[in-house]
Amino acid sequence: FNSLSLQQALPRLAGGVAAMVGKKATKKGKVKPKASKASKASKASKAPKAQKAEGDGEAKAKVAKVAKAEDSEPKVDQEPSVAAQEKAKPRKTKANRLKEAMEAEEEPKEGEPKGVVYLGHIPDGFFEQQIKKYFSQFGDVTRFKLARSRKTGGSKGYAFIEFRQESVAKIVAQTMNKYILGNKTLVCTFKPREECHPKLFSGWREEISDPRPAKRAKHMLGFNDRPSVEVDGQAVPQMTDEQVKRRDSQKKKMKAKLKQLEVDYDIDEVLEGAADDEAEAEEPEVKQTKLPKKKKRRAASST
């Protein structure tokens, strides 16, 4: 203090004391140092960016927590639902396919339902094509089925026709009942949905033909093309099981009749002898023919 004046020393002492007090306050956390205007402005400009960054970080953290929670949750509820759906699916069997087709062909819930008509006393020659062509003039025919025999494929004389609208079916029943067609009086009645069997139109697209020609051809082929057996150098067709059974039954009947008449006659021996005779008759006998002897010429007598 000797070299400096009192006026110059006082400000320096005041600044040193203030600096010491500020350091102690910052250490204790009671008093914070005042920031300058420039530092305040820079902090103010950086504050929105920091808030946005903090908001983005919080949002990301929430999303990460939700994802972790979903991953950590057990998937026991989902797996049984998938398994239950797989079990609920019906197997691809003929019955299930028929059921699906019937459900698909059922009328919609909204609007007018479909109507079914029974047609009886159908004349011969009035078949599926004629039925569809004739009754389509009343309305849209969705399905129809003519009853046919499985053995012969012939018509049984009655059919069921389904129209898209129930009102059209009722009009057809009133119009075509007791209508004369082909020297026959038709019987046409409306059938309510409750009286119709669920499988009434099952297989209505199937064409039933007469199986008798095919069976006949198969039987003839099996009878004519029998395996042959060589007997005495000749190919003889082998007897079928039915032929053997028929012959045995005939033998038994003949033996019973002969026994009843008290006739001592051996059928087996006769049949075996007849078979041998037939075999001998089939083999033609070759007769040896003797050639005539040549006559010797007489020598001419010399005169």
Side-chain angles (χ1 to χ4, degrees), residues 90-102 104-105 118-135 141-162 181-184 186 196-257 267-284:
R91 295 177 61 190
K92 292 183 178 180
T93 59
K94 189 174 181 181
N96 290 333
R97 287 199 301 270
L98 177 62
K99 186 178 179 181
E100 290 175 1
M102 289 171 61
E105 290 176 352
Y118 166 78
L119 186 66
H121 294 186
I122 299 174
D124 191 17
F126 198 70
F127 300 137
E128 287 85 359
Q129 295 180 357
Q130 290 78 14
I131 289 172
K132 185 175 182 181
K133 186 176 180 181
Y134 187 84
F135 286 93
V141 177
T142 55
R143 293 182 293 180
F144 58 91
K145 186 175 182 181
L146 177 65
R148 287 183 176 271
S149 174
R150 291 284 179 180
K151 292 182 179 180
T152 62
S155 173
K156 291 185 177 181
Y158 66 93
F160 293 93
I161 308 168
E162 185 185 56
L181 181 66
N183 298 326
K184 281 194 174 184
L186 297 178
C196 297
H197 194 272
K199 296 182 180 180
L200 179 62
F201 293 98
S202 62
W204 66 279
R205 291 190 181 92
E206 183 182 357
E207 294 183 1
I208 301 174
S209 58
D210 190 0
R212 290 177 293 178
K215 288 182 179 179
R216 192 180 298 114
K218 185 178 179 182
H219 179 73
M220 291 174 65
L221 184 66
F223 184 82
N224 295 329
D225 294 346
R226 288 179 293 169
S228 59
V229 180
E230 188 175 354
V231 178
D232 297 333
Q234 291 185 355
V236 180
Q238 190 176 1
M239 293 179 65
T240 60
D241 294 337
E242 292 182 1
Q243 289 176 338
V244 173
K245 289 179 182 178
R246 196 181 299 117
R247 182 168 289 183
D248 292 340
S249 64
Q250 290 174 358
K251 281 183 183 180
K252 288 179 181 179
K253 288 179 181 179
M254 185 61 71
K255 286 180 180 179
K257 285 183 180 181
I267 299 174
D268 297 329
E269 186 178 354
V270 173
L271 291 174
E272 289 176 1
D276 295 338
D277 294 340
E278 289 177 359
E280 290 176 0
E282 289 177 357
E283 295 180 0

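Since this is a predicted model, take the numbers as computed values, not measurements.
Annotation: Asp241, atom CG; neighbour count of heavy atoms from other residues, nucleotides and ligands within 6.0 Å does not exceed 12.
Taking CZ from Arg148 and CZ from Phe127, the interatomic distance works out to 5.5 Å, rounded to the nearest 0.5 Å. Between Asp210 atom CG and Lys215 atom NZ the span is 9.5 Å, to the nearest 0.5 Å. One finds the CZ atom of Phe135 at 4.0 Å from the CD1 atom of Ile161 (value rounded to the nearest 0.5 Å). Taking CD1 from Ile122 and CG from Leu146, the interatomic distance works out to 5.5 Å, rounded to the nearest 0.5 Å. If you take OG on Ser155 and CD on Glu128, they are separated by 7.5 Å, rounding to the nearest 0.5 Å. Atom NE2 of residue His219 and atom CZ of residue Arg212 lie 15.5 Å apart, to the nearest 0.5 angstrom.
The side-chain heavy atoms of Gln129 and Lys133, taken from C-beta on, include no pair separated by under 4.5 Å. With contacts defined as side-chain heavy-atom distances shorter than 4.5 Å, the pair Tyr134/Phe126 qualifies. Between Pro211 and Arg150 there is no side-chain heavy-atom pair separated by less than 4.5 Å. Counting heavy atoms from C-beta on, the side chains of Gln250 and Met254 never come closer than 4.5 Å.
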(request) Verify side chain to side chain contact (heavy atoms under 4.5 Å, CB included) between Arg216 and Met220, making sure each step is shown before the conclusion. (result) CA-CA 6 Å; Arg216 192 180 298 114; Met220 291 174 65; 4.2 Å; yes
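Using a 30° and 60° split on the angle between ring planes, Tyr158 and Tyr118 fall in the tilted class, from 30° to 60°.
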